[in-house]
There are 2 protein chains.
Amino acid sequence: MAARSKTTILDIAREAGVSKSTVSLVLQGSSLIRSDTASKVRKAIEETGYVYNRGAANLRKAYSNVIGMVVNDLTNPFYAELAVGMERAFQSASVVPFIANTAESPVRQEEVLKSMLEQGVAGLIVSPARGTRPDAFRQIEAAGIPMVFAMRRLPESRVPVVVPDNWRGAALAARHLLAKGHRRLAFLAGSPDLVVYRERVGGFREACQEFGIPASDIAVLEGETSRKGGMACLDRALTAEDPPTAALCFNDAVAFGALLALRRRGLEPGRNFAVVGFDDVAEAEHYMPALTSVAVDTAGLGERAAHMVLKMIQSRTTRAEDHIGAVNLVVRESCGPDRSSEYDTAKHDTPQQGAAA
Amino acid sequence: MAARSKTTILDIAREAGVSKSTVSLVLQGSSLIRSDTASKVRKAIEETGYVYNRGAANLRKAYSNVIGMVVNDLTNPFYAELAVGMERAFQSASVVPFIANTAESPVRQEEVLKSMLEQGVAGLIVSPARGTRPDAFRQIEAAGIPMVFAMRRLPESRVPVVVPDNWRGAALAARHLLAKGHRRLAFLAGSPDLVVYRERVGGFREACQEFGIPASDIAVLEGETSRKGGMACLDRALTAEDPPTAALCFNDAVAFGALLALRRRGLEPGRNFAVVGFDDVAEAEHYMPALTSVAVDTAGLGERAAHMVLKMIQSRTTRAEDHIGAVNLVVRESCGPDRSSEYDTAKHDTPQQGAAA
DNA sequence: CCTGATAAATGGAACGTTCCAATAAATCAA
DNA sequence: TTGATTTATTGGAACGTTCCATTTATCAGG
């Protein structure tokens, strides 16, 4: 049914009675072309249903307008939000981001990266999958393609990163709990193969030390960083001989799981046990109880990463300075700051700006 | 720092002491090449850090291995899940899906589609943005590119669709509420510019009619299809002179909003007011109270859509039969099926399979 | 050792664009 | 009117691949 012959620049040149070069110039919006010829050409383009072949163009031009965005878990609203922030930045730069999901699989990640390379992306924003080998990006670096890591960093990598101030965020959260009088604390879920984890646990430990909490009174429990993992970790924490009274969770998903597990045990989050999350996803505000969490301005970080890679492309460099994003603790109800547990209008978060490290 | 000269097929031909044609053949895994020459070539590829230029290849081949996936709202976990289902299907077909987000903007959608066309996608899976004009896909259809709509359909379109059985799902849910004795019902959020909406409201009305409910006793309230919209709609519903006792929500996000609004008013969802959602996102099971919802097998539909477009590409057609996915009602706690409101171990959902229409 | 067949490798044209150098057309100063 | 300038337009050679038609190497069978 469809006329499956492709129209090229030559067809529309013939149609408009000009040369292919003229058409090309028009396509690029050159000012060298008289405006009446230009509109003649544009009309022909309109009529023939011509579609520009970017592959052919890139062959000659050696730079493209697509930027790859590789994320490790799209179903996590956190990463979706990151992606949205990036798109916002790209839109005004007339580049198109193509998103691909690795589902936390290094193998899949390799495929995806290869495909993006082959497609000729101008730059890359990557949130590396867990368990990524150090040499996974060798080829990209060799090709000199600008790349930045977002939200996650690799141990020994020279690739610039855009991450929140994990250490400070965790310390902030822990101090909040300590200031409320808690003396036996737990850190729930995550595992040390992620640098983020080490940073967050580091901040957590530091704050505990400041308050003179003996190491024996803090429990750091590894586990899956999901709702399920949170439930499991909390259960594990509470079965200890001398259980903690408060927990800092690796991220909000874990925190939601912890809250759920508390309820299941007949404990009331906020009153009997304090919970703090990390990331401050949109849902945190609307949870029951509303979750106290470390806000990292996800979309802002995404935007930042986008600008970074854009600038790198422009200045044809593969290096840039790391950006450590400010964080701040958004206090809501899950630590029971006020002893009332009414479901009144959630107090509006007034993000007191935190300084970057 | 980086050696910014690109290696081509000729470079590796020289390196391996063969012709470019041979290299090309090796790249395609042809059996015409003796295995020792092949491995010689592969070694050269390895050493030089060569990256295949798919743009150049497509120029000659006129078919590509990328499929575009255009979704209207990535931050909705529902669509993210859809995307994941699609990826699963594509992975085994060695095609790479590139995801782009339109954020419900027809303008952005146009840009994104144009870009994908230019990039030479072999096929397209689209969940159209709200307010998409009927001729938005004219160019794609003219180009004869296989396309399927997922989750949403356009009023007068011949493009094949993969959607859940919205009508039946809504009817199922409404009957559930009616069977529980509710006689004043509301349908919350959404608006008639979406075909999905009309289908769901249709099923809802049909069920009410079956039970002989007068039209004056059912309230259909339009509104934003978000948590916020849900809260607003519920508030609106309850201020009516003779308020409903149960609501079917356009989707789960709306339902979560409705539950929240109930709590804010001091009402207990499940006991004082029944709420049913639609889509059954992962979160529904873990909510408090666990949300009764119409399950649509999102990932399955995504997979289905992927296979559909794959098949269309293979058979070079632009037509296919619509797929209407089976739905079933997952009964949890938000309609208070049992009058106990304990937070005990959530009853495990036993999805009694519903037949397709 | 040759013949014919088969297997393996190759050169060249094409794909649709951009860009440079060159030409043609329009404009201007004298 | 003419040459000098400026403004518009154009052909042709790339870009990195595939694929067809050839050429060259390999191998049986006589």
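These numbers come from a predicted model, not from an experiment. Chain letters run A, B, ... following the sequence lines, proteins first and then strands; every chain starts at 1.
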Ordered by number, residues from residues 22-40 of chain B within less than 4.0 Å of DNA chain D (heavy atoms) are B:Ser24, B:Gln28

Residue pairs passing the side chain to side chain donor-acceptor pair (under 3.5 Å) test with at least one member in residues 102-113 of chain B, sequence neighbours excluded, are B:Asn72-B:Glu104, B:Glu104-B:Arg152, B:Arg108-B:Glu111, B:Gln109-B:Thr132

Residue pairs meeting ring-ring contact (aromatic ring centres under 6.0 Å, His included), one or both in residues 74-112 of chain B, sequence neighbours left out, come to A:Phe98-B:Phe98

Do B:Ser21 and C:dG11 share a donor-acceptor pair, side chain to base, under 3.5 Å?
-> yes

N/O donor to acceptor pairs below 3.5 angstrom from side-chain atoms of residues 303-310 of chain B, sequence neighbours left out:
from: B:Glu303; atom 1: OE1; to: B:Arg88; atom 2: NE; distance (Å): 3.3
from: B:Glu303; atom 1: OE1; to: B:Arg88; atom 2: NH2; distance (Å): 2.6
from: B:Arg304; atom 1: NH2; to: B:His323; atom 2: ND1; distance (Å): 3.4
from: B:His307; atom 1: ND1; to: B:Glu303; atom 2: O; distance (Å): 3.4

In short, ring-ring contact (aromatic ring centres under 6.0 Å, His included) pairs touching residues 17-51 of chain A with sequence neighbours left out are none

Applying side-chain hydrogen bond (donor to acceptor under 3.5 Å, both in side chains) to B:Glu87 and not counting sequence neighbours gives A:Asn101

Chain A vs DNA chain D, heavy-atom contacts under 4.0 Å, first-to-last nucleotide span, 5' to 3', is D:dA8 to D:dG16

Sorted by chain and number, sequence neighbours left out, side chain to side chain contact (heavy atoms under 4.5 Å, CB included) with B:Glu118 holds for A:Tyr52, A:Arg54, B:Lys114

Residue pair B:Ala56/A:Val18 against DNA chain D: nearer the 5' end by closest nucleotide is A:Val18

- request: May I ask you to decide whether B:Arg34 forms a salt bridge with B:Asp36, counting only side-chain N to carboxylate O separations under 4.0 Å?
  value: yes

#### Entry: Sugar-phosphate only, base, or nothing, as touched by B:Tyr63 at under 4.0 Å among non-hydrogen atoms
nothing

B:Arg14 meets the side chain to side chain contact (heavy atoms under 4.5 Å, CB included) criterion, sequence neighbours left out, with B:Asp11

Residues passing the side chain to side chain contact (heavy atoms under 4.5 Å, CB included) test with B:Arg42, sequence neighbours excluded, are B:Val26, B:Ala38

Axis-to-axis angle across the helix from C:dC1-D:dG30 to C:dA30-D:dT1, five pairs each end, nearest 10 degrees, ~ 40°

Side chain to side chain contact (heavy atoms under 4.5 Å, CB included) filter on B:Gln139, not counting sequence neighbours, yields A:Val51, B:Leu117

